[in-house]
Amino acid sequence: MATPHRLLLTGFEPFGTRDTNPSQEVVSLLEKESFAGIELSTRILPVAYLPVTEWIRTQMMHFDEVIMLGVAWARQEICVERVAINLMDATRDDNNGFCPTDMPIYANAPTAYFSNAPIKQMAAAIRDLGHPCKISNSAGTFVCNAVYYAALHEIAIRQTCPDESGLPTQAVFIHLPSNDYIPVSSMAEAVKAALNVQICRTGD
Ligand code: PCA
């Protein structure tokens with residue numbers, strides 16, 4: 001039997017004036033389930049630039065796949081993010097009171113990274129379930145973009161590859177809309193579809 005894929009699924013705690021975060025709720029729903037062929041680890045992250053960027057980098061070597069979730073309240077569709085940029089430019093404090101302007105996440109690091117996950121197939125699988133979903137070309141400049149950039153930077157500089165397969169860790173960030181637009185249970189179904197696309201990459 002094939003070794004299970006080690007998958008890390010993260011969400012964020014609430015931030016700003018809201019007291020909920022759909023990404024946290026989706027992770028809570030999915031962590032109760034079991035998925036054939038997947039060893040699932042979950043984590044709810046603080047909405048704080050410095051701890052999350054440090055933490056995610058320590059995790060990459062332990063996982064075959066990483067799916068990070070966050071909310072983009074103003075969006076009406078599920079957005080599979082294509083790109084993370086090396087920029088922190090906040091319009092509000094993070095949950096640690098840090099409000100960087102025009103700052104790189106890492107000095108002397110590339111301007112941007114593209115996801116190395118099959119984002120088009122993920123978006124198609126989500127749309128096949130009937131949920132509105134698109135590829136987004138901006139994860140913003142707040143904490144979601146920062147954790148995504150840190151994950152892709154770690155993969156790029158360390159060529160993280162958790163096992164003998166030779167396949168690098170794959171990472172993707174998915175922004176969820178407000179649950180005014182899509183119920184949390186449907187968002188959980190959508191994330192499951194993305195997760196199944198990702199783990200099919202070795203064909204086992
Ligand atoms: N959304 C924010 C940070 C945490 C979250 O859920 C963002 O889009 O950056």
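Atoms within each ligand, like the ligands themselves, are counted from 1 in listed order. Values in this document were obtained by computation on a predicted structure and should not be read as measured data.
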Quick check: closest heavy atoms across Phe142 and Asp93, and the distance to 0.1 Å?
CZ-O, 3.9 Å
In sequence, state the C-alpha distance, the side-chain angles, and the governing distance for Lys192 and Glu33, and then conclude on salt bridge (charged side-chain N to carboxylate O under 4.0 Å, His left out).
CA-CA 10 Å; Lys192 251 196 264 188; Glu33 295 195 24; 3.0 Å; yes
For Asp128, all residues meeting side-chain hydrogen bond (donor to acceptor under 3.5 Å, both in side chains), sequence neighbours excluded
none
For the residue pair Phe98 and Tyr49, does the interplanar ring angle fall in the parallel (under 30°), tilted (30 to 60°) or perpendicular (over 60°) class?
perpendicular
Results of ring-ring contact (aromatic ring centres under 6.0 Å, His included) for Tyr181 - residues two or more places apart only:
none
Sequence neighbours excluded and cut-off under 3.5 Å, please list the side-chain donor-acceptor pairs for residues 66-80, or say none.
| from | atom 1 | to | atom 2 | distance (Å) |
| --- | --- | --- | --- | --- |
| Arg75 | NH1 | Glu81 | OE2 | 2.7 |
| Arg75 | NH1 | Ser136 | OG | 3.3 |
| Arg75 | NH2 | Ser138 | O | 2.8 |

For ligand 1, give me the residues whose heavy-atom distance to it is below 4.0 Å, by chain and number please.
Phe12, Phe15, Asn21, Val47, Gly70, Val71, Phe142, Val143, Cys144, His175
